[in-house]
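Values below: every heavy atom of this structure, side chains too, minus hydrogens, waters and symmetry copies. Counting convention: from 1, in listed order, for ligands and their atoms alike.
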Amino acid sequence: MCLFCKIINKEIPSNIILENEKFLAFHDINPKAPVHILAVPKVHVDSFADVSPELMSDMTSFMQEVAREVKIEKSGYRVITNIGDNGGQEVKHLHFHILGGAKLKWGHFSDADTQGHF
Ligand code: AMP
């Protein structure tokens, strides 16, 4: 069973923000912003590459609710999902990073060699 499935099953403790029958949101253990939450579907999906539009639809509403819950919906925030090796995905269970609580820098996303893939 993967790490986030264990967190969902409460076999591994987490600091939960919001939960319903389909999704769980909890604090990232190694926060990269004042607010750094992970939102995950309870059903195991490897990554964004495999998620259905139907699940994404509900996931979107859930993440908007999480932002309201931690009161960053007006100040702004960032949603990121890493996909596969080049995307830097470490945990192979679909998760969205919700980052906020401060003005976020953008620069570190441009540190890769921009010389073409295409
Ligand atoms: P990614 O690199 O996109 O796969 O992100 C995985 C995230 O999971 C990282 O930001 C980690 O800090 C976070 N993480 C790993 N283990 C835990 C844990 N036990 N509880 C909360 N967050 C975790």
Side-chain angles (χ1 to χ4, degrees):
M1 192 184 289
C2 87
L3 175 65
F4 288 172
C5 282
K6 286 182 182 161
I7 286 178
I8 290 158
N9 285 344
K10 315 278 165 66
E11 289 171 35
I12 292 177
S14 69
N15 195 345
I16 294 174
I17 308 262
L18 201 64
E19 179 171 17
N20 65 24
E21 70 282 358
K22 282 189 177 170
F23 304 103
L24 181 71
F26 52 96
H27 287 282
D28 194 293
I29 207 167
N30 180 21
K32 293 171 182 68
V35 175
H36 187 171
I37 298 161
L38 300 175
V40 302
K42 289 190 171 177
V43 61
H44 182 93
V45 176
D46 282 348
S47 83
F48 179 77
D50 303 300
V51 72
S52 69
E54 292 75 22
L55 188 61
M56 264 320 292
S57 175
D58 291 342
M59 181 106 231
T60 299
S61 302
F62 180 72
M63 289 191 283
Q64 291 167 345
E65 198 182 338
V66 170
R68 287 193 294 273
E69 179 72 22
V70 297
K71 302 192 177 358
I72 58 171
E73 83 278 18
K74 291 203 174 71
S75 53
Y77 56 98
R78 184 173 293 159
V79 175
I80 297 172
T81 188
N82 296 325
I83 303 150
D85 287 344
N86 275 4
Q89 183 181 7
E90 286 172 7
V91 180
K92 307 298 192 238
H93 182 125
L94 174 63
H95 54 284
F96 290 85
H97 299 259
I98 301 171
L99 299 140
K103 191 130 186 117
L104 302 173
K105 293 194 174 127
W106 182 247
H108 72 281
F109 291 103
S110 61
D111 61 1
D113 182 355
T114 54
Q115 290 309 302
H117 170 68
F118 297 105

Sequence neighbours left out, cut at 3.5 Å: what donor-acceptor pairs do the side chains of residues 25-33 make with other protein atoms?
unit_1	atom_1	unit_2	atom_2	d
D28	OD1	N30	N	2.8
D28	OD2	H36	NE2	3.3
K32	NZ	N30	O	3.4

- Query: What pairs meet the side chain to side chain donor-acceptor pair (under 3.5 Å) rule with one or both residues in residues 4-13, with sequence neighbours excluded?
  - Reply: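 Qualifying pairs: K10-E19.
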- Which atoms form the tightest heavy-atom contact between I72 and G100, and what is the distance?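 Taking I72 first and G100 second, the nearest heavy atoms are CD1-CA, 4.5 Å.
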- Query: How would you list, by chain and number, every residue that makes a salt bridge (Lys or Arg N to Asp or Glu O under 4.0 Å) with K74, sequence neighbours excluded?
  - Reply: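 With sequence neighbours excluded, K74 shows a salt bridge (Lys or Arg N to Asp or Glu O under 4.0 Å) to no residue whatsoever.
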- Query: Strictly under 6.0 Å, is that where the ring centroids of H95 and H97 end up?
  - Reply: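 Yes, close enough.
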Between the protein and ligand 1, are there any N or O atom pairs that come within less than 3.5 Å of each other, and if so, what are their names and distances?
unit_1	atom_1	unit_2	atom_2	d
ligand 1	2 (O)	G88	O	3.1
ligand 1	2 (O)	E90	N	3.4
ligand 1	3 (O)	N82	ND2	2.8
ligand 1	3 (O)	H95	NE2	2.8
ligand 1	3 (O)	H97	NE2	2.9
ligand 1	4 (O)	E90	N	2.7
ligand 1	4 (O)	V91	N	2.9
ligand 1	4 (O)	H95	NE2	3.0
ligand 1	5 (O)	H95	NE2	3.0
ligand 1	5 (O)	H97	NE2	3.4
ligand 1	10 (O)	D28	OD1	3.3
ligand 1	10 (O)	D28	OD2	2.5
ligand 1	12 (O)	D28	OD1	2.5
ligand 1	22 (N)	I29	N	3.1

- Nearest 0.5 Å please: distance from the CZ atom of F62 over to the NZ atom of K22.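 Going from CZ on F62 over to NZ on K22, the span is 12.0 Å.
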